[in-house]
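Notes to accompany the following structure.
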Protein chains: 2
Amino acid sequence: MPAKPVTPRDVGVRDRLLDAADRLFYTEGVRSVGIDRVLADADAAKASLYAHFGCKDELVAAYVQRRVEAARSTIDRFVRDVPPRARALRFFDWVVEWAESADFRGCPLQHVVAELSDEKHPARLIAARQREWILGRLTEWARAAEVSHPNRVAGALMVLFDGAIAAAEQDGPKRARDARWTAEKLLGAPRR
Amino acid sequence: MPAKPVTPRDVGVRDRLLDAADRLFYTEGVRSVGIDRVLADADAAKASLYAHFGCKDELVAAYVQRRVEAARSTIDRFVRDVPPRARALRFFDWVVEWAESADFRGCPLQHVVAELSDEKHPARLIAARQREWILGRLTEWARAAEVSHPNRVAGALMVLFDGAIAAAEQDGPKRARDARWTAEKLLGAPRR
DNA sequence: GTGCATACAGACAGGTCTGTCTATCTCTCG
DNA sequence: CGAGAGATAGACAGACCTGTCTGTATGCAC
């Protein structure tokens, strides 16, 4: 039962804490998981956590921040090897892959927003910035695809992205494929 | 700032409790809000809550159940006065209206799913059934619209619905309009 | 009026959670 | 060797939360 020492003990306590927080917060939620669970999973002392992060909210923010950074670099790497005009659809290939991956459990950012009702929570501010970043990329790719209303299409792709993740969490990865199929319609044949 | 007695005291304590639970759970989350908050807002006694609902989880389930029933009748009433082939798009008109309403704060079911990591929680079972109901309606309407791949279109509409609500919660109601616009494209120009 | 169902009021127990603090250990650098 | 940085271990305070229990008040049926 006890999912124990996944991160070896010589990696530095900060990374160990972040790894444990990531595992537990993502699979069970930031409010369901208490500090003590993170400490046990990281095999770390409480003082270490508070020395490195100050409070639980900052640990949550650091968890979200690391997720955001990983997502940005993953996405940019994923679309890099196709021409700009194909990148929007390629992005949805990544979404499908993510939704199909074994440990997929929905969007950590959507979860954090739902769990933390305070809009000023540091983790929520990070999540809000990430939405802007994604919308920026989608807009850029929609323009490159030469669709007739790039801003509207970018907004629609944003909806498809959010919907793909939220729906795939409940109904399985086929919803991500439905989203990709829809994106293809938005981007594809209509040259006008 | 204490939002006090919104429901008059002669409506029956069960309804008062449900009204208070609905307000607080929807705006702040089912885990953020404790029993005592609900009791104070409902102007009720703790014994009444436990006599009527047994435990907090069942109160949460009753809250979700009431939301679900209200949504079903609202949706069916909303699409009733257009022909079947126009109902899918009409459904997204309702989504737009909901996202534009003043107290819109996202989908209560998505929030409950994010907040309660236990898939067997009674509230989550109710939420899961509601998804099936919605998908059923969308499939029915997609068929009536005579699209070429009704199941696929229904799945895509489900994604658009989830995405509209999730994205509108963050970005405002324009995302719901983006979703409607996309649905229009999926359902084809010939309509009305 | 008596009895009963329903509701209010609130104390209380038991648990959990965050955050602080003290004490100890270990490793590295000088 | 010795000092200090960084870590562990865990007790503890204070807050909060769920659920139980006792006692009291109100209103209705008979």
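Side chains are part of it too, since the values below use all heavy atoms of this structure and drop only hydrogens, waters and symmetry mates. In what follows, chains carry the letters A, B, and so on, assigned in the order in which the sequence lines appear, proteins first and then strands, with residues in each chain numbered from 1. On a predicted model such as this, the values are computed, not experimentally measured, just so you know.
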(message) With nearest nucleotide decided by heavy atoms, which residue, A:G54 or A:S32, maps closer to the 5′ end of DNA chain C?
(response) A:S32
(request) Inspect the contact between B:D19 and B:R16 and indicate whether a charged nitrogen and a carboxylate oxygen are less than 4.0 angstrom apart. (result) no
(request) Compare the minimum distances between each of C:dA7, C:dT18, D:dA7 and the side chain of B:V13, then state the nucleotide with the smallest one. (result) C:dA7
(request) Send over the distance from B:L39 CG to C:dA9 P, rounded to a whole Å. (result) 10 Å
(message) Distance check needed: C:dC17 P versus A:E115 CD, whole Å only.
(response) 14 Å
(message) Can you measure B:D36 atom CG to C:dG15 atom C1' for me and round it to whole angstrom units?
(response) 15 Å
(message) Checking contacts here: which listed nucleotide (C:dA11, C:dT18, C:dC8) is nearest the side-chain heavy atoms of B:K46?
(response) C:dA11
(request) Rounded to the nearest angstrom, tell me the gap between atom CD in A:E28 and atom P in C:dT16. (result) 15 Å
(message) Check this one for me: any side-chain N or O of A:S48 less than 4.0 Å away from OP1 or OP2 of D:dT8?
(response) yes
(request) Using only side-chain N and O atoms of B:R16, determine if any of them is under 4.0 Å from OP1 or OP2 of C:dC8. (result) yes
(request) Only one of B:R105, B:E169, B:E28 passes side chain to side chain donor-acceptor pair (under 3.5 Å) with B:H111; say which it is. (result) B:E169
(request) Please state how far atom CG in A:D43 lies from atom C1' in D:dT8, giving the value in whole angstrom units. (result) 9 Å
(request) In plain terms, say whether B:D162 and B:R131 are close enough for a salt bridge, that is, a side-chain N and a carboxylate O under 4.0 Å apart. (result) yes
(request) Figure out the CG/P separation between B:L49 and D:dT18, and round it to whole Å. (result) 10 Å
(message) Rounded to whole Å, how long is the line connecting atom CD1 of A:I35 with atom P of D:dT8?
(response) 14 Å
(request) Please tell me which of the listed nucleotides, C:dC8, D:dG19, D:dA9, lies nearest to the side chain of A:A45? (result) D:dA9
(message) Regarding A:D22 and A:R67, does a basic nitrogen lie under 4.0 Å from an acidic carboxylate oxygen?
(response) yes
(request) Starting at atom CZ of B:R37, determine the distance to atom C1' of D:dC17, rounded to an integer number of angstrom. (result) 13 Å
(request) For the side chain of A:H52, starting at C-beta, report the closest nucleotide among C:dG19, D:dT18, D:dA7. (result) D:dA7
(request) Using a strict 4.0 Å threshold on nitrogen-to-oxygen distance, state whether A:R177 and A:E100 make a salt bridge. (result) yes
(request) Give the nucleotide from the list C:dA9, C:dC21, D:dA7 with an atom nearest to the side chain of A:A47. (result) C:dC21
(message) Side chain of B:Y50 only, heavy atoms from C-beta on: which candidate in C:dT18, D:dT20, C:dG19 is closest?
(response) D:dT20
